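These notes concern the structure reproduced below.
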Amino acid sequence: MYEFLVVALAVWSYVLVAWYHRTSPDLAAPAGPGPADPAGAAGPRPAGLRGLIRARGWGLLLTPVALMYAALADVNGGNHLVILAGIALAGIVMAFFPRLAAKIVPYGLLVLGIYGLVLAKWFHDGNNWQVLYGLVLAGAGSWRTHLVLPQAAVFFLAGLWLLVRVQAPGAAQVSDLLTRWRKSGRGGIASAQGLLLLVVVALVMELLGPRDWLGAQWVTATGAIWIDVVAAAASLVLVFRSRIWAATLAEAGLLVLGAYGLLITAFWPSVPGFVYGFAALTNSRDAIIGGALQGTALLALGLWLAPRVMVEHLAGPVDPELAARAKQLTQRVESLTQTRSDAVEVAVSELRRIERDLHDGAQARLVALGMSLQAAERLFATSPAAALALVTEAKETSSRALADLRDLVRGIYPPVLADRGLADAIRALALDSPLHTVLGIDLPGEVELPVASAVYFSVAEALANVSKHASARSVRIELSYAAGMLRAEVTDDGAGGADPALGTGLAGVERRLATFDGILAVSSPPGGPTIVVIEVPCALSSAKTSSC
């Protein structure tokens with residue numbers, strides 16, 4: 001067998017050298033961007049041999065997987081020429097078709113894992129020939145035989161992971177199955193707790209076995225294997241269908257198996273069984289020590305799992321409607337927490353703006369007014385003309401201060417909005433717009449001032465963006481109310497391509513609307529049109545009263 005492996009490595013080395021020479025003109029090429037490769041390479045590739053290896057990614061594993069198959073086939077008396085041809089073919093696929101190689105590797109690992117399970121079963125049943133499986137030479141009574149099962153589990157799990165990683169055929173189904181498993185049952189039972197059922201089933205099969213249950217007269221070795229497979233498959237289906245019931249059966253099995261181990265310790269060899277866990281029930285020392293240690297461990301694990309399973313059962317069945325309502329309430333609380341934070345932030349920003357406008361505008365003018373009047377008071381006796389000029393200047397300053405205060409008040413609540421309502425305030429915005437503006441307003445009642453203010457400033461921001469950035473000739477504003485929802489829509493015929501994430505104006509509008517559970521949506525494909533939709537849940541009232 002070892003001579004055959006040397007020849008196989010030589011064949012593969014020849015393929016590798018041929019591949020290397022075929023790609024050698026590119027070895028000195030500078031590093032540059034390359035297309036994303038499902039085989040494992042993405043983004044810029046380094047130059048030289050490192051770049052070529054990275055470009056093949058997970059496909060490089062095809063050759064070692066092929067060598068493992070070659071070792072197994074040689075032990076089973078396979079044709080050497082066929083095996084060498086297979087290794088050479090694997091090298092060619094790895095070298096020249098890396099994407100295909102990467103998609104083959106997961107299935108090779110999965111088959112290796114399944115074969116390892118069968119091999120471990122054969123070793124357990126007394127077959128003891130030597131075989132090179134993975135990284136160990138098992139069989140012939142060697143302690144390395146116990147490493148077959150762990151390696152099989154590693155191969156199988158690695159195959160599943162790589163299947164999803166390289167998006168090989170079947171990856172979507174595996175991902176969907178894993179997602180369903182994570183969501184199965186109730187949240188109090190962890191995934192690992194449901195999987196304990198597989199451990200319990202394996203221990204039961206190992207301890208008694210189907211031939212011992214049903215009698216050796218008609219159950220063959222192959223039939224016993226099929227019974228084991230069916231029992232394992234049924235357990236796996238239960239784990240995926242209902243994690244809580246899988247954990248319940250696992251807890252009961254752990255308690256029974258733990259107690260059975262203590263019975264083995266006390267009454268061996270009167271109790272039946274072949275192998276208990278890692279202890280062979282062939283001599284008193286192994287039976288007593290193995291039964292005591294493993295029985296205690298299994299009993300402790302079952303007692304640890306029991307209260308967790310009981311809590312889930314005592315909680316009763318989950319009402320889907322109540323669960324949905326609880327989820328909605330949780331989302332609502334999270335939304336209110338966020339909008340409250342945004343409202344506080346908007347209020348603080350507004351107060352800072354008012355303070356800044358007062359400090360830089362009206363306050364400065366009023367200070368200048370006071371200084372002018374004080375200087376005029378001193379000049380009245382000596383220079384009445386100069387004093388009169390200062391009084392005239394103070395009068396102009398007071399007029400500018402009054403205009404600043406009016407602008408400040410208009411920034412908080414525009415007078416037209418407070419005096420005439422949202423509809424007339426939108427009409428005033430349209431009159432001030434430099435673009436041709438078409439209005440479509442259907443508002444049967446009045447809106448409370450805070451909500452009206454939020455919608456007014458949102459429309460004003462949308463119009464300002466149209467005037468500055470859209471290169472539009474006309475704009476349409478529609479304001480309507482239906483089914484408890486106040487809706488404003490601003491549409492322009494500009495160039496489109498607007499992105500709310502690139503600016504701060506619409507982001508501020510969105511935070512302002514979120515305070516009232518409102519939303520802002522923007523549709524702006526390249527070439528236009530740009531549509532800004534504002535929706536706020538609200539109740540209309542008459543012009544005198546408001547219940548919004």
Side-chain angles (χ1 to χ4, degrees), residues 319-343 346-347 413-414 416-430 433 437-466 474-493 496 498 500 505-525 528-548:
D319 188 342
E321 184 178 354
L322 290 177
R325 291 180 61 187
K327 184 177 180 180
Q328 291 176 355
L329 288 174
T330 301
Q331 293 174 348
R332 179 64 175 165
V333 169
E334 293 175 354
S335 175
L336 289 175
T337 302
Q338 182 63 40
T339 54
R340 182 185 65 180
S341 176
D342 292 340
V346 169
Y413 284 127
V416 65
L417 180 64
D419 297 339
R420 305 185 61 180
L422 179 61
D424 287 336
I426 296 297
R427 291 188 182 97
L429 277 178
S433 174
T437 306
V438 179
L439 290 175
I441 297 179
D442 181 15
L443 201 59
E446 293 297 331
V447 183
E448 190 180 31
L449 197 55
V451 177
S453 176
V455 175
Y456 172 84
F457 283 112
S458 300
V459 174
E461 179 67 28
L463 283 177
N465 288 339
V466 172
S474 64
V475 61
R476 180 176 180 82
I477 304 175
E478 295 183 359
L479 186 66
S480 61
Y481 180 84
M485 188 71 67
L486 178 64
R487 177 186 175 94
E489 184 174 314
V490 181
T491 306
D492 67 75
D493 59 355
L506 290 179
V509 167
E510 194 169 15
R511 288 195 298 271
R512 183 192 291 265
L513 293 173
T515 306
F516 305 98
D517 290 334
I519 60 171
L520 173 73
V522 179
S523 173
S524 184
T530 297
I531 304 174
V532 178
V533 177
I534 300 158
E535 289 187 347
V536 182
C538 185
L540 297 186
S541 64
S542 66
K544 294 183 179 180
T545 60
S546 175
S547 60
C548 186

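As the structure is a prediction and not an experimental result, all values here were calculated from the model.
- Atoms CD and CD, on E535 and E489 in that order, are 9.0 Å from each other to the nearest 0.5 Å.
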Quiz prompt | I477 and L463: CA distance, side-chain angles, deciding distance, side chain to side chain contact (heavy atoms under 4.5 Å, CB included) verdict | solution = CA-CA 9 Å; I477 304 175; L463 283 177; 3.7 Å; yes
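- Atom CG of L486 and atom OH of Y481 lie 8.0 Å apart (nearest 0.5 Å).
- Shown here are the side chain to side chain contact (heavy atoms under 4.5 Å, CB included) partners of R420, two or more places apart in sequence or in another chain: V416, D424.
- Here the CD1 atom belonging to I534 is positioned 10.0 Å from the CD atom belonging to E461, to the nearest 0.5 angstrom.
- By the side chain to side chain donor-acceptor pair (under 3.5 Å) test, S524 is found to be paired with T530, residues two or more places apart in sequence or in another chain being considered.
- Legend: residues meeting side chain to side chain donor-acceptor pair (under 3.5 Å) with S523, ordered by chain and number and at least two apart, are absent.
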Exercise. Decide yes or no on side chain to side chain contact (heavy atoms under 4.5 Å, CB included) for V455 and V447, but give the supporting numbers first.
Key: CA-CA 10 Å; V455 175; V447 183; over 6 Å; no
Determine all donor-acceptor pairs shorter than 3.5 Å in which one atom belongs to a side chain in residues 437-445; sequence neighbours excluded.
{"unit_1": "T437", "atom_1": "OG1", "unit_2": "L435", "atom_2": "O", "d": "3.1"}

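- Between I531 and V490 there is no side-chain heavy-atom pair separated by less than 4.5 Å.
- The two residues L422 and A452 have their closest heavy-atom pair at CD1-O, 3.5 Å.
- The shortest non-hydrogen separation linking T491 to P529 is CG2-CB, 4.3 Å.
- V533 places none of its side-chain heavy atoms less than 4.5 Å from the side chain of L520.
- Applying the side chain to side chain contact (heavy atoms under 4.5 Å, CB included) test to A454 and every residue at least two apart in sequence or in another chain returns R512, L513, F516.
- By the side chain to side chain contact (heavy atoms under 4.5 Å, CB included) test, S480 is found to be paired with R487, residues two or more places apart in sequence or in another chain being considered.
- The line from CZ of F457 to CG of L429 is 9.0 Å long, rounded to the nearest 0.5 Å.
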Exercise. Given side chain to side chain contact (heavy atoms under 4.5 Å, CB included), test I426 with V459 step by step and report yes or no.
Key: CA-CA 8 Å; I426 296 297; V459 174; 4.0 Å; yes
